[in-house]
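Here's the structure, in structure tokens; my notes come after.
Source: prediction; values computed, not measured. Reminder, nothing fancy here: chain letters follow the sequence lines and each chain counts from 1.
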There are 2 protein chains.
Amino acid sequence: MQPQSEIRLTPQRQVILEELAKVKTHPTANEVYDMVRKRLPRIGLGTVYRNLELMADNGMILKLEVGGSQKRFDAITNLHYHIRCTCCGKVDDIELTAMPHLDQLASDSSDYQVVGHHIEFSGICATCGEAQEKAITN
Amino acid sequence: MQPQSEIRLTPQRQVILEELAKVKTHPTANEVYDMVRKRLPRIGLGTVYRNLELMADNGMILKLEVGGSQKRFDAITNLHYHIRCTCCGKVDDIELTAMPHLDQLASDSSDYQVVGHHIEFSGICATCGEAQEKAITN
DNA sequence: GATGGGAATGATACACATTCTCAACCATTA
DNA sequence: TAATGGTTGAGAATGTGTATCATTCCCATC
């Protein structure tokens, strides 16, 4: 997971990194595109995808392949876990100490070369929960 | 996660269930479609998607929203974890005792109504590992 | 300062998984 | 039997992500 090679920090990549670091959410590629476009209106969608992928390979950012149909990206790269709202798809960090030893257990009980793991909780976020209650009482 | 309501067991649904129970892998909707089509050649792809989704909502089967671009389905509905090959996308079960108490921890440290969790390991499966070694030695 | 080659970009077309739409169909009940 | 409502199959539509390709940019060298 080390940087495989230095990549050139083009203006586009700089802006993508900055915008990603600016938010505490875990935006999808499209959301990153929208954020970046405010500063670089002529940037192409392909460039955003290409560079998010590139920077994830490089270890500069984290690619979250969580449930749902979209990949999400995170500027915080240390091991931590997430919770996803089954209702609106939002992804938040969850405060739970990392359990890196799980990798060893998995390695022992399978014939895979284990490289990592991810825990994803699912639930209903506060906003969606309230919306549901209102819908019922009405 | 209880069955919300009885659903009618149409021939299509019956066959989908049977075929899904028959395999120990975690097929994608398309793979299920291929398996089912051998017995019901005129079934529509939409029907397969519709019913997999329906049966998952109903708790009859498990929908795995793991990494990768496709949803996968599992006839075994008790809590267990998975490992996904980052190379070929294959998903296997991992022998690891379930940790249902994690849900409580997550619930305590967030404002979500936690409904469950899933642990997904990633790694390189035996087949892909061998293929890689060959590619290097050549 | 010109220039040549590789990397990067933006526009577009494409691929793929999934969902939607809708007419036809079927089981059940009035 | 007729009406009702859920179900199906076919195909169109959507949405996410990838590939292609001409153009542009960067930068070392002349």
- Query: Once you round it to whole Å, what is the distance between C1' of C/dT19 and CG of B/D57?
  - Reply: 14 Å

- When you check the gap from the basic side-chain N to the acidic O, do B/R84 and A/E65 get nearer than 4.0 Å? yes

- Message: How many whole angstroms separate atom CD of A/Q70 from atom C1' of C/dC16?
- Response: 15 Å

- How long is the line joining CD of A/Q12 and C1' of C/dA11, in whole Å? 14 Å

- Query: Counting any heavy atom closer than 4.0 Å, what does B/L45 reach on the DNA or RNA strands: base, sugar-phosphate only, or nothing?
  - Reply: base

- Message: By nearest atom, which of the nucleotides C/dA8, D/dT7, C/dG10 is closest to the B/R13 side chain?
- Response: D/dT7

- To the nearest Å, give me how far apart NZ (B/K63) and P (C/dT19) are. 7 Å

- Figure out the CD/C1' separation between A/E31 and D/dG17, and round it to whole Å. 15 Å

- Task: Give a yes/no answer on whether the side chain of B/N30 brings an N or O atom under 4.0 Å of OP1 or OP2 in C/dC16.
- Result: no

- Task: Verify the cluster assignment for A/L52 and A/I43: are they in a single hydrophobic cluster under the rule of side-chain heavy atoms below 4.5 Å apart?
- Result: yes

- Message: Looking at every non-hydrogen atom in both residues, tell me the closest pair between B/L40 and B/Q12 and how far apart they are.
- Response: CD1-CA, 3.8 Å

- Query: Between B/L79 and A/M99, is there a shared hydrophobic cluster once you connect ILVMFWY residues whose side-chain heavy atoms come closer than 4.5 Å?
  - Reply: yes

- Which whole-number value in Å describes the distance from B/Y33 OH to C/dC16 P? 16 Å

- Item | C/dT9 OP1/OP2 closer than 4.0 Å to side-chain N/O of A/T10 | yes

- Presence of donor-acceptor pair under 3.5 Å, side chain of A/R50 and base of D/dG17: no

- Task: Measure from CG on B/L9 to P on C/dC26 and round the result to the nearest Å.
- Result: 18 Å

- Query: Whole-Å distance between D/dT16 P and A/E53 CD?
  - Reply: 16 Å

- Message: Mind checking if B/R8 touches a base, just sugar-phosphate, or nothing, with heavy atoms under 4.0 Å?
- Response: sugar-phosphate

- Query: Mapping B/Y49 and A/G44 to their closest nucleotides on DNA chain C, which lands nearer the 5' end?
  - Reply: A/G44

- Task: Using a heavy-atom cut-off of under 4.0 Å over every strand shown, decide if A/T47 touches base, sugar-phosphate, or nothing.
- Result: base

- Message: Does C/dT19 have its OP1 or OP2 closer than 4.0 Å to a side-chain nitrogen or oxygen of B/K71?
- Response: yes

- Specify whether B/H82 and B/H26 have parallel, tilted or perpendicular ring planes, treating 30° as the upper limit for parallel and 60° as the lower limit for perpendicular. perpendicular

- Message: Quick check on DNA chain D: between B/N51 and A/P11, whose nearest nucleotide comes earlier from the 5' end?
- Response: B/N51

